[in-house]
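Note sheet for the following structure.
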Amino acid sequence: QAHSTNQQNNIDSIENETTSCPSLSTDVDDQPKKKMSNADKFLEAIAEFPDDALTDNRTYEHPLVERYATKEMSFVWSPAMKFSTWRKLWTALATAEQELGLDISDEQLEQMRSKLFDIDFALAAEKEKEFRHDVMGHVHAFGTQAPAAMPVIHLGATSCYVGDNTDLVQIRDALKLVKRKLVKVLATLKEFAMKHKDLPTLGFTHYQPAQLTTVGKRSTLWMQDLLMDLERVEHEIETLPMRGVKGTTGTQASFLELFDGDHEKVKALNQRVCELMGFKKAISVSGQTYTRKIEFFILSVLSGIAQSAYKMCGDIRLLANLKQVEEPFAKTQIGSSAMAYKRNPMRSERVCSLARYVMGLPDGAANTHANQWFERTLDDSAIRRIILPEAFLATDVILNLLENISDGLHVWPEVVRAHVMAELPFMATENIMMECVKAGGDRQELHEEIRVHSMEAGAVVKGEGKPNDLMERIKNNDKFKPVHDKLDEMMDPNLFVGRAPQQVVEFMEQDIDPVLEANKDLLTIESVDGVNV
């Protein structure tokens, strides 16, 4: 017992010593806490994205659609347009098949017609998930709504009957919208060109001062590019074929079976479906799909429009830097969050940005066409779902912007004139020399005098930052006395623009006016929406 008591006393003594010794304490709570800096608190706050934060805004939104695209072009490529066109194609096919003798009732066709624009997208998605096939999902959704017609929906067709033909319908309608917008841009630019056809301005080659032109004449260069684009758009609209009814590998075998080997009826069916869908013709031959070269041609045309727009807006951006022109600027618009005085050519810059994107898209179409094996491979599908709509959406935005810029483009004539007069003395020297020769002067002597004076005047402009004093030097040189009393009238900028004003008028009369007259109905159509950003 005594031993036990001593042992317990020893243990208590050790515990007391441990507790009283700060260096051996294990109580973390007693340690002084380090104060968190604001930087540490910030890093802690951003360490993880809270699960319940911003739940309605956690999905990527395509800026082309959400920020820029117009309602008109968005509709062309919308699910409503796409899948109602599928139903139109199924109804057109059944209608033509009935006309050519297949056992399809009026009731079946009536049910199909009544549900063209009444699509149960939830049911279609459910069926697609079940079948793992988008076309069959919509076949069954259509058949559920038009039960009598279920046995004849998609009769003899393959998926590309609705898929490819719908793509061509959308391309055709989108091209028509692009044409309308192009015509509108040309009409607006015509007004600008005619208003400024006589205003002399400094020409530029290599972005260095060159012979004078006029503000209006320069804008005809933009118009000519866009006119060439319009001609190519019209060609694509006019010649765009429908795929038609071709079957799984383009041989029309399923339709030949339906019509008991009657080749003429199969040909008639193909033609009749094209007529019902508003096409003049079907492509002559195809595999399962129509040749993807068509889409390369289409995107190349849109690329051409983008090129023209980029060139025009590139010029405007450079002229804005010179303060000769300004694009429309809203009363409350902010040019820079830091530099409140700025008036940036933001719309022209946006055109160039979107145009750069469109110009790159034909490569995708070219590679898609080149990589189609035999009658068809499915590696065309995903890229086409992206580049076809986006090419048209972006081009449509570009044209809206061009019309807006052209309509509100402001010219500052006095600034334009100041730039002209800073360089005109050099350009006038040849006329001055010729007048002096006519008065008996020595051409070589005069040429040397002008050369020396020009170099000295140039040194004053570039070396000292002073105005061009070449005319003053010539006025003070007796060798040029025959023109001293004519110098002011010889320095009239209008004498140096050549036929620029007349060229503007002739271009309008010969090239632009016939196009505007032929498309005058398009000019009466107001766009649904304009430039909001």
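Keep in mind it's a predicted model, so treat the numbers as computed, not measured.
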**Prompt:** Where do Leu175 and Val233 come nearest, in terms of heavy atoms and distance?
**Reply:** O-CG1, 3.8 Å
**Test item: Gln108 side-chain N/O and Val152 main-chain N/O as donor-acceptor pair under 3.5 Å** = no
**Asked** Parallel, tilted or perpendicular: which fits the ring planes of Trp412 and His410, with parallel below 30° and perpendicular above 60°?
**Response** perpendicular
**Request:** Answer yes or no: is there a side-chain heavy-atom contact under 4.5 Å between Lys184 and Lys181?
**Result:** no
**Asked** So, Ser406 side chain and Glu403 main chain: donor-acceptor pair closer than 3.5 Å or not?
**Response** no
**Asked** Can a salt bridge be assigned to the pair Lys280 and Glu238 using a cut-off of 4.0 Å between side-chain N and carboxylate O?
**Response** yes
**Message:** Within the supplied structure, the quantity of interest is the number of heavy atoms (other residues, nucleotides, ligands) at a distance under 6.0 Å from Glu257 CD; does it exceed 12?
**Reply:** no
**Message:** Quick check against the 3.5 Å criterion: does Arg87 have a side-chain atom that pairs as donor or acceptor with the backbone of Lys115?
**Reply:** yes
**Complete:** Taken to the nearest 0.5 Å, the spacing of Asp396 CG from Leu177 CG works out to 5.0 Å
**Asked** Are more than 12 heavy atoms from other residues, nucleotides or ligands located less than 6.0 Å from atom CZ of Phe49?
**Response** yes
**Message:** Side chains of Thr377 and Gln372 only: does a donor on one sit below 3.5 Å from an acceptor on the other?
**Reply:** yes
**Asked** Centres of the Phe131 and His140 rings: under 6.0 Å?
**Response** yes
**Prompt:** Can Gln98 and Asp106 be counted as having a side-chain donor-acceptor contact under 3.5 angstrom?
**Reply:** yes
**Fill in**
Contacts of Glu295 meeting salt bridge (Lys or Arg N to Asp or Glu O under 4.0 Å) (sequence neighbours excluded), chain-then-number -> Arg292, Arg384
**Asked** Above 12 or not: heavy atoms from other molecules or residues under 6.0 Å from NZ of Lys82?
**Response** yes
**Item:** Atom CD of Glu48 with >12 non-hydrogen neighbours under 6.0 angstrom
**Value:** no
**Message:** Strictly distance-based, threshold 3.5 Å: is any side-chain N or O of Asp173 a donor or acceptor partner for the main-chain N or O of Val76?
**Reply:** no
**Prompt:** Would you find more than 12 non-hydrogen atoms of other residues, nucleotides or ligands less than 6.0 Å from Arg132 atom CZ?
**Reply:** no
**Prompt:** Donor-acceptor pair, Arg232 side chain versus Met228 backbone, under 3.5 Å?
**Reply:** yes
**Message:** If I compare all heavy atoms of Gly364 with all of Thr368, which pair ends up nearest, and what's the gap?
**Reply:** O-OG1, 2.8 Å
**Message:** Gln307: which residues meet the side-chain contact (heavy atoms from CB on, under 4.5 Å) condition with it, sequence neighbours left out?
**Reply:** Ser303, Met359
**Asked** Less than 4.0 Å between a side-chain N and a carboxylate O, is that true for Arg243 and Asp167?
**Response** no
**Prompt:** Cationic tip of Arg350 within the cone over Tyr68's six-membered ring, i.e. under 6.0 Å and within 45° of the normal?
**Reply:** no
**Asked** What is the ring orientation for His138 with Phe83, classed by angle as parallel under 30°, tilted 30 to 60°, or perpendicular over 60°?
**Response** parallel
**Request:** For Ser381, enumerate each residue passing the side-chain hydrogen bond (donor to acceptor under 3.5 Å, both in side chains) test, keeping only those at least two apart in sequence or located in another chain.
**Result:** Arg385
**Prompt:** How close do Val497 and Thr213 get, heavy atom to heavy atom, and via which atoms?
**Reply:** CG1-O, 3.5 Å
**Request:** Report yes if the side chains of Ser300 and Phe296 come closer than 4.5 Å at any heavy-atom pair, otherwise no.
**Result:** yes
**Prompt:** Should we count CD of Gln211 as having more than 12 external heavy atoms under 6.0 Å?
**Reply:** no
**Heavy-atom side-chain proximity of Glu72 to Arg180 below 4.5 angstrom** = yes
**Asked** Of the non-hydrogen atoms in Thr395 and Ala391, which two are nearest, and what is the gap between them?
**Response** OG1-O, 2.7 Å
**Message:** How close do Asp120 and Gln145 get, counting heavy atoms only, and between which atoms?
**Reply:** N-OE1, 3.7 Å
**Prompt:** Does Lys129 pair with Glu126 as a salt bridge, N-O distance under 4.0 Å?
**Reply:** no
**Request:** Return yes if some donor-acceptor pair links the side-chain N/O of Ser84 with the main-chain N/O of Met81 below 3.5 Å, else return no.
**Result:** yes
**Message:** Determine whether a donor-acceptor pair (N or O, by modelled atom type, separation under 3.5 Å) exists between the side chain of Gln111 and the backbone of Ala148.
**Reply:** yes
**Exercise: identify the closest heavy-atom pair between Gln170 and Ser78** = NE2-O, 4.4 Å
**Any donor-acceptor N/O pair, Thr95 side chain to Thr91 backbone, under 3.5 Å** = yes
**Item:** Side-chain touch Val351/Ile405, heavy atoms, less than 4.5 angstrom
**Value:** yes
**Item:** Side-chain (Gln252) to main-chain (Val245) donor-acceptor, under 3.5 angstrom
**Value:** yes
**Asked** Short question: side chain of Thr158, backbone of Thr248 - any donor-acceptor pair under 3.5 Å?
**Response** no
